[in-house]
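Keep in mind that what you see is a predicted model, and the values were worked out from it rather than measured.
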Amino acid sequence: MNPQERKQQNLATIYQALLELMMHKPMTAISITELCHRARVSRSYFYRHYQNFDQIITAYQTQNMLSYLRRLPRVSQVELADLMTHYFKNTKLEAETYQLLIKNGQLDILLQTFQTVFQLLIKQDRISGHSSRLNEPYYLEYFSGAVINITVNWVKRGFVETPEYLGKMVTQFTLRQ
């Protein structure tokens, strides 16, 4: 296993251990020692790679969103509705994780990782037929906040609507003048 694969495996292990602990108690009540014991890593490993639990969640969620990008259709540009449908499908696949992150107030991390990936898509000009507003100041923050709020409410309601429906809905809201 090369160093990059080992790093990703260690991140997945410590992240999974954190989620398992969050199933039983709030993140604020989890100690670093407890996490390290559950993940079977040393405290020195933890402190060498992370300063806090938020960094573990951010690193894993960023990796998860990059994986989402790799699963997009292999075309130069993708319709916004398709991008959003894939995003909501990804969210549903990670339902338990999203529920735990929402319960533990980690919305800023979800917002940050969504913004990072969406900004990358904008820079790479991967969004076909998008509104010119995507490049306006504060639009990324506006759009990301809207999508994350929809996501949070969708998760809390138990995924009643389909990812396809939500993808179309976000597109309709976005493309209205």
Side-chain angles (χ1 to χ4, degrees), residues 4-5 7-23 27 53-131 133-135 139-176:
Q4 184 62 26
E5 290 171 333
K7 183 177 179 181
Q8 288 178 343
Q9 183 182 27
N10 288 343
L11 172 60
T13 299
I14 201 165
Y15 182 76
Q16 192 58 44
L18 181 58
L19 291 180
E20 288 169 9
L21 290 168
M22 287 168 55
M23 287 180 199
M27 191 169 73
F53 297 154
D54 288 356
Q55 287 183 341
I56 295 168
I57 297 168
T58 299
Y60 187 86
Q61 285 300 313
T62 300
Q63 185 177 338
N64 185 38
M65 290 301 286
L66 293 173
S67 174
Y68 149 80
L69 283 179
R70 287 190 291 275
R71 290 191 305 269
L72 290 176
R74 298 215 182 266
V75 293
S76 60
Q77 290 194 322
V78 182
E79 294 289 330
L80 184 61
D82 291 336
L83 286 172
M84 291 293 90
T85 297
H86 282 280
Y87 168 75
F88 288 114
K89 284 180 179 178
N90 187 63
T91 300
K92 196 169 184 177
L93 287 173
E94 299 282 329
E96 190 173 30
T97 298
Y98 273 77
Q99 290 165 337
L100 286 171
L101 294 176
I102 291 165
K103 180 180 172 185
N104 283 276
Q106 298 299 305
L107 300 183
D108 285 346
I109 292 173
L110 296 177
L111 183 63
Q112 176 188 348
T113 54
F114 182 89
Q115 281 181 349
T116 299
V117 171
F118 199 74
Q119 192 169 34
L120 181 62
L121 289 168
I122 292 169
K123 283 181 183 177
Q124 294 176 347
D125 196 28
R126 293 275 323 268
I127 306 169
S128 69
H130 67 73
S131 167
R133 291 185 282 181
L134 287 178
N135 296 312
Y139 189 80
L140 177 64
E141 291 81 4
Y142 162 79
F143 181 77
S144 301
V147 171
I148 294 302
N149 278 318
I150 289 169
T151 302
V152 167
N153 284 293
W154 184 53
V155 170
K156 286 180 177 179
R157 291 179 183 151
F159 305 98
V160 176
E161 299 85 3
T162 66
E164 293 79 9
Y165 172 81
L166 290 176
K168 288 177 186 173
M169 185 181 70
V170 167
T171 302
Q172 289 172 352
F173 290 161
T174 303
L175 299 178
R176 286 187 183 154

Participant: Could you grab the distance from atom CD1 of I150 to atom CE of M84, nearest 0.5 Å is fine?
Facilitator: 9.5 Å
Participant: Residues in side chain to side chain contact (heavy atoms under 4.5 Å, CB included) with K89, at least two apart?
Facilitator: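 If we apply the side chain to side chain contact (heavy atoms under 4.5 Å, CB included) test to K89, skipping adjacent residues, the hits are T85, P163, E164.
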Participant: Rounded to the nearest 0.5 Å, what's the gap from CZ on R126 to CG on L83? Could you check?
Facilitator: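 Reported to 0.5 Å precision, the distance equals 7.5 Å.
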Participant: Working to the nearest 0.5 Å, report the span between OG1 of T171 and CG of L80.
Facilitator: 4.0 Å
Participant: What's the spacing between T97 OG1 and M22 CE if we round to 0.5 Å?
Facilitator: 8.5 Å
Participant: With a 3.5 Å distance limit and no angle check, can you tell me whether N153 reaches the backbone of N149 through a side-chain donor-acceptor pair?
Facilitator: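 Checking the backbone N and O of N149 against the side chain of N153, a donor-acceptor pair under 3.5 Å is found.
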Participant: Quick one: list whatever passes ring pair (Phe, Tyr, Trp, His ring centres under 6.0 Å) with Y165, sequence neighbours left out.
Facilitator: none
Participant: Check whether any side-chain heavy atom of W154 lies under 4.5 Å from a side-chain heavy atom of V160, and answer yes or no.
Facilitator: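 W154 does not reach V160 side chain to side chain.
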Participant: Taking only residues two or more places apart in sequence or in another chain, which ones pass side-chain hydrogen bond (donor to acceptor under 3.5 Å, both in side chains) with Y60?
Facilitator: none
Participant: Just jot down the salt bridge (charged side-chain N to carboxylate O under 4.0 Å, His left out) partners of E94, sequence neighbours excluded, or say none.
Facilitator: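 So E94 forms no salt bridge (charged side-chain N to carboxylate O under 4.0 Å, His left out) with any residue.
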Participant: Taking atom types as modelled, is there a side-chain donor on Y15 or Q63 under 3.5 Å from an acceptor on the other?
Facilitator: no
Participant: Tell me which pairs pass ring pair (Phe, Tyr, Trp, His ring centres under 6.0 Å) where either residue lies in residues 100-121, with sequence neighbours left out.
Facilitator: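 Pairs touching residues 100-121 that pass the test: Y87-F114, F114-F118, F118-F143.
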Participant: Among residues at least two apart in sequence or on other chains, which ones pass side chain to side chain contact (heavy atoms under 4.5 Å, CB included) with L107?
Facilitator: I102, L110, V152
Participant: Under the side chain to side chain contact (heavy atoms under 4.5 Å, CB included) test, which residues partner N10, sequence neighbours left out?
Facilitator: R6, Y45
Participant: With sequence neighbours left out, what residues match E20 under side-chain hydrogen bond (donor to acceptor under 3.5 Å, both in side chains)?
Facilitator: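 For E20 the side-chain hydrogen bond (donor to acceptor under 3.5 Å, both in side chains) partners, ignoring immediate neighbours, are R38.
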Participant: Going by heavy atoms in the side chains, are I109 and L101 under 4.5 Å from each other?
Facilitator: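 SC-SC contact between I109 and L101 ruled out.
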Participant: Say you draw a straight line from CE of M169 to OG1 of T162; how long is it, rounded to the nearest 0.5 Å?
Facilitator: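 That separation rounds to 10.0 Å.
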Participant: Start with the C-alpha distance between T151 and K156, add both sets of side-chain angles, then the distance that settles side chain to side chain contact (heavy atoms under 4.5 Å, CB included), and finish with yes or no.
Facilitator: CA-CA 9 Å; T151 302; K156 286 180 177 179; over 6 Å; no
Participant: Could you pull out the closest heavy-atom pair between F159 and Q99, with the gap in Å?
Facilitator: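 Between these two residues, the closest heavy atoms are CE1-NE2, 4.1 Å.
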Participant: For residues 103-123, which residue pairs qualify under side chain to side chain donor-acceptor pair (under 3.5 Å), counting only residues two or more places apart or in two chains?
Facilitator: none
Participant: Measuring from atom CD of Q8 to atom OG of S67, what distance do you get when rounded to the nearest 0.5 angstrom?
Facilitator: 9.5 Å
Participant: Surrounding CD of E96 (heavy atoms of other residues, nucleotides or ligands, distance under 6.0 Å), is the total greater than 12?
Facilitator: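 No.
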Participant: Residues two or more places apart in sequence or in another chain: which of them pass side-chain hydrogen bond (donor to acceptor under 3.5 Å, both in side chains) with Y98?
Facilitator: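 Checked Y98 against side-chain hydrogen bond (donor to acceptor under 3.5 Å, both in side chains); zero matches.
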Participant: For the residue pair L100 and L19, what are the closest heavy atoms and their distance?
Facilitator: CD1-O, 3.5 Å
Participant: Would you check if V78 and I127 make a side-chain contact, meaning some heavy-atom pair closer than 4.5 Å?
Facilitator: no
Participant: Which residues pass the side-chain hydrogen bond (donor to acceptor under 3.5 Å, both in side chains) test with N90, sequence neighbours left out?
Facilitator: R71
Participant: So do the side chains of L111 and E141 get within less than 4.5 Å of each other, counting heavy atoms only?
Facilitator: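 The answer is no; the side chains never approach within 4.5 Å.
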